[in-house]
Every structure is written in structure tokens, then in C-alpha cells.
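Data block below; observations after.
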Amino acid sequence: MNAEPAHEHGLEALEHARREKLARWRADYGVEPYGQRVDDITSLTDARALYNEAAHEEYAASAAAAKENPDATVVDNRPRARVAGRCIQHRAMGKLVFIVLRDHTGDLQISVSKAAVDQPSFKLASKLDYGDIVVAEGPVGRTNKGEICIWADRFEVHAKNLVPPPEKFHGLTDAELRYRQRYIDMFANPQTIRTFTMRSKIIMHVRTFMERRGYLEVETPMMQSIAGGAAARPFITHHNTLDMQLFMRIATELPLKRLLVGGMPRVYEIGRIFRNEGVDRTHNPEFTTIEAYQAFGDCWTMLELTESLLHELAQLAFQQAALEAAPEKRSAEGAGNNLHMQWGEHTVNWSRPFARRKYGDLFEQSFGFPMTERDRVRAAGREHRIEKAETLDHWLLVNALYEKLCEPAIDPNTPTFVTDYPSAISPLTRPQRDNPELCDRWELLVAGMELGTAYSELNDPDIQLEKLTQQLAGADEEEQAFRTLDEDFINALKVGMPPAGGMGLGIDRIVMLMTGETTIRDVILFPLMKPESHDEQSQ
RNA sequence: GAUCGCGUAGCUCAGUUGGCAGAGCAACCGCCUUUUAAGCGGUAGGUCCUGGGUUCGAGUCCCAGCGCGAUCACCA
């Protein structure tokens, strides 16, 4: 054997050891540890379910009899399975090796006996590394201790692991490494695949729900020359041959409304949007929303739609939690309409109907006077040290106070629609006929998170132009760099948009609530990370 | 951006009043046909995040920086 180069240490030495093993396997046994197509693989969970007690007993008895009397025949009617998985535990006991494999469905033990396979296979099995990907085949039986186990008579390595895997009991807990090397996190922490499987099921359910309701799914541009529909800072990019500045979209709202103008009665888009803002437990720069628009609906149409959708998703999550029984992450109780789901410190009650509270009532409840009393609002602004309390527009000040005191006062355990928003902070919403200071808009709050918003859409081009112009006038120097009046949108309204209800929901936050994950990074496969620093280059 | 916490072997973590750098797992060699985080014997593995300072002596104390996390602010 080659002497290990003296300069290698740590990670390099560990990889070197595995490369040497790989070379030995090729040279000594003629095996190729990077395998190829294998058909008819049974998942580990399905293979476990094949276990047949009677067949096992019959086999065990006849094998014991055959030991006493060499003439007796061994009866083996145990079901057979071909499985594949990554080695996550390895216990070699001389002439018998126990290996625990893991796949996307779960874990299963296999055992390789020296007597049952050819010599190369046994050598591979006994020298297998944690992290290697294996194909094995044999009868499904059990061990003396009762563990269901495949007694392999075929054993192959189909991918060699060269990178030392995380510690097998504690797994990978370092949050940064979990996100940077998600492919390791996924096999080290089975919850990760469960969460993203649930995410997929939720999105699929949203699509079938919207289809049932007669909505058409559409795709609109992610790269736009004007980033409209929200007030966030956009990411800026550039098209080379057209020498043109482009923005990544910050909302899907304005293109979708153009589709209402064009004559699509019900449209929705599920897609990624991009906001150049801070990163924290509930914000990732790119995230997924659903926006839906229904001609001749209003914000109450959207309320019913949203409440139904979320209630169905909660039922789906409830069933899933019951199936998985992953009590450390998730506990859910109830049946039918009675759905309580734990999320962090909270227990969210998804029973219908959700709560409805008027914005103004919440304000008055917190401050003891109506939000329309300008002098008292100004005084409250000073008292609660709102930034620029002296000069801020009345309604912006109301909203600052609302967000500081009223929003946190909403019961986090009860999904709550806050309705009747001030028009002044809702530039795309139609003012109420009998009280234009308020508008038909709601926001949905669950567990302290804003889950979404909906409007009765403003379809009067003149009022819309006035509101957008007003908003632009209030923009500071930095904002003016990326805010432009979308004249074509105004033109579309001039062509005529039917009255409509529109709604937007944050898919990632919904997935958080339904899976019990309290960090948005745990429901986004590859959350945005700073590049890893290389000390030689920085500084 | 502010505050707090953390940064020690591939992973998970100890490290006392400032006094020789530690454990378990993983790796390597050996033994073992029913293990369950297998066990037993042996070997190897360290820029204690980086830079400065105090000190006879710093993983430990001080300063600055970097990275990560949490909370807050920002995000209609």
C-alpha cells in the first residue's frame, strides 16, 4: 500500500483514504463503483412492507431443521426485494455486515453474509463507507432482535462517497452548511425531504384548487423594463444586445390585470418574485407568490377563495402530519373543520371561518380614539417615537402606528383578515363608494406573519393615474432611480378593465405554516447565501 | 444598520483561576455470523476564525476585523 503523503491532513487525508479504497476496489475486485441503470427498484418503505411473518417463520423453522438434519430441504417463501439507498450506518461483524440504507421514503437495514454473496461483494460490503450509494437484493426477513432486514444475495456499490459525511448520530446541524450543501442536509436530515415533498403537494393542491374554481394559469415576464405592482426595491439587470436596463419583477400584479383587460375572466400565476430587501426568518430575496384575479369579483370574493384554499391546505397538512407522525416537528389535532396546528410557540386554529377585523376598529381598540382624528394621531406618533412623526402624511402615520401596535395585538393563533384599509396606503385599490378614505382591501395575518392581501381592484384610469402620480411624487431620490409611471398600464385601464377582485399570497410562508418550519430558508431548497469567503482574495 | 451570542479535529461538542490541545463519532490497522449510535485492541488527525495587544506564559483576558446565528430596525 502506498504511504500516505505526509503533507495531507484533515479533509484531504480523509478524501485520500476514500480514493485509495476506490482504486483498490477497481484493481483488486474489478468492480466499477460508479454504476449504471438498475430497473425495478423498490423503495425502502415499500420493501419493509413486503415482510411476511408466516414466510419468515416457515423459513426460520426449516433452516433450523436443516441444521440438525442435512437432508432436510430449506423452504424459503420470503418475498424478495431489490432496493437502493445511501449507507447511513455500517456495522461489520467479521463474516456478517449490517448496513442501514436511507432513501426518500425512509431507512431499512440490510445484511450481507459472507456465505450469501461472492467474495468481491462481501469485501465491498465490509469496507463500505458511510455515504456510499448501494443496490442490494434479497429476501425480506428479520433478525433475531426483530429488525426487518433484507438478507442480501446481491450487493453492489453504485456511487462512491469521497467526502466525509456528517456525524451519524447528531447529523448535520450547522445551519449554514445545511443550506450551502443541501444535498448533504437532505440525506443527513430526513425532515428536509419531507418538508419539500409537502411543499410540492401544497403547490399541486393550489393548482387543482384554482382549476376547480375556473382560473387559468398564466406566466408573465420576470424581467420587466418597469418594476411595478409593489413598492419594493428591485434587482437591476441588463440586456446586452438591446443595451437595455431591466428589472426583475417585484410583483405579478400589473401584467395579470392587463389579461383581465384582454378578456381572460379568471387568471392566476404562481411564480418567483424578487425584492432587493433584507434577509431574515420570513424574508428571502426571491420567493414564490400566487396572485389571482377574477373579473366582476371583489375583495370579498377573494376572501372566500383564500379562506377555502387555506382551509383545504390545512386539511392536507393535517392528514400528512397524521401519516408521518413526526411529533418533534409537528403536532396537529382535530378533524373536519376543527383544525389546530402547532407552529413555533403558536397553535394555529385553521377552522372556518377565520376572524375578520376592521383596520379602523383595531386602531381604535389600541389607541382609544378613531384613526381619523388627525391631531391625536399626530400626538400618538410623537408619543410612540414614529420616525418623522411631525411631517409624515396622516395616513402613513396611522399605518406606522397600526403596524407598531395593532398588528402585534392580533391573536397569532387565529388567522385574521384585517379589512377596510385606508385608501391612502392602497394605491391599486378601489376606494369605498360611501367612504372614500377607506377601501375594499384586506390583509391576512397568521402567527404574526403577513400571508397575503386582496383588493377590489381600482379600474378607473383617472383615479389610478392620480394615485400612481401621487405615489411617485412621494418617492425619495433613491426610489426615483427605479420607479417609473407604467403608462401602458394606465392605457390598459383606459381600454377598460372589468371590476375585479385580486389576491396575492406568499407561498413560502404558507408552506412554513403547513410544515411547522419557522424559518423561510427551511422551505426554500437553495436560499440565497453570501458566497463563501476565500481569505486569500478578500482583504 | 443596532444589540446579543457563537467560531476548537471531517462531524457533534468539552476545555476549570491564564499553565503540555481533549472526548465521542468518522478515518486507518487488527478481531468478531444477529448488530441497532454494535463492541474490543491499536494508529493517525489541530492556522483553537483572522490580525494586533496584555502577560514569564493566551483556546481562555483586551481591541479590531471576518463569518454564522438570534433579536430588533427595514421590507405599504
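In what follows, every chain begins at residue 1, and chains take the letters A, B, ... in the order their sequences are listed. These figures come from a predicted structure and were not determined experimentally.
Distances shown here put every side-chain N or O of A/Arg233 at or beyond 4.0 Å from the OP1 or OP2 atom of B/C74. Close to B/U33, at under 4.0 Å from its OP1 or OP2, lies no side-chain N or O of A/Arg91. At the phosphate of B/C31, neither OP1 nor OP2 sits under 4.0 Å from any side-chain N or O atom of A/Lys95. For B/U33, neither phosphate oxygen OP1 nor OP2 lies less than 4.0 angstrom from any side-chain nitrogen or oxygen of A/Ser113. The phosphate of B/U33 (OP1 or OP2) has no side-chain N or O of A/Lys114 nearer than 4.0 angstrom.
Residues satisfying the ring-ring contact (aromatic ring centres under 6.0 Å, His included) test with A/His90, not counting sequence neighbours, are none. Listed by chain and number, the residues in a ring-ring contact (aromatic ring centres under 6.0 Å, His included) with A/His283 amount to none (sequence neighbours excluded).
Checked by distance alone, A/His170 brings no side-chain donor or acceptor within 3.5 Å of a matching partner on the base of B/C11. For B/U36, the base has a donor-acceptor partner in the side chain of A/Thr143 [N/O atoms by modelled type, under 3.5 angstrom]. Evaluation of atom-type donor-acceptor distances gives no pair under 3.5 Å for the side chain of A/Asp280 against the base of B/C75.
Closest approach to the A/Asp129 side chain among B/U36, B/A27, B/A76 is made by B/A27 (side chain taken as heavy atoms from C-beta onward). Checking B/A76, B/A27, B/A70 against the side-chain heavy atoms of A/Arg281 singles out B/A70 as nearest. Closest to the side chain of A/Gln89, from the set B/A27, B/U33, B/A37, is B/A37.
What separates CD1 of A/Ile148 from P of B/U34 is a distance of 20 Å, to the nearest Å.
B/G10 and B/C28 have their C1' atoms separated by 14 Å, with the value rounded to a whole Å. For B/C13 and B/G52, the P atoms lie 30 Å apart once the distance is rounded to whole Å. Spacing of P atoms, B/G15 relative to B/A23, comes out at 15 Å, to the nearest Å. Across the P atoms, B/A44 and B/A2 are found 48 Å apart, a figure rounded to whole Å. Across the P atoms, B/G65 and B/U3 are found 11 Å apart, a figure rounded to whole Å.
Residue A/Ala230 is classed as a base contact, given a heavy-atom separation below 4.0 Å to a base. Base contact: A/Trp151 has a heavy atom under 4.0 Å from a base atom. Using a 4.0 Å heavy-atom cutoff across all strands shown, A/Arg441 reaches sugar-phosphate atoms only and no base atom.
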Evaluation steps, ring pair (Phe, Tyr, Trp, His ring centres under 6.0 Å), between A/Phe363 and A/Tyr402: CA-CA 6 Å; A/Phe363 186 93; A/Tyr402 166 83; 8.1 Å; no

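A/Glu15 pairs with exactly one of A/Glu12, A/Arg19, A/Arg18 by the side-chain contact (heavy atoms from CB on, under 4.5 Å) rule, that one being A/Arg19.
Using N1 to N3 plus N6-O4 or O6-N4 for Watson-Crick, or N1-O2 and O6-N3 for G-U wobble, each under 3.5 Å, B/A27 pairs with B/U43.
With hydrogens and angles left out, the side-chain atoms of A/Asn284 and A/Arg521 include no donor and acceptor closer than 3.5 Å.
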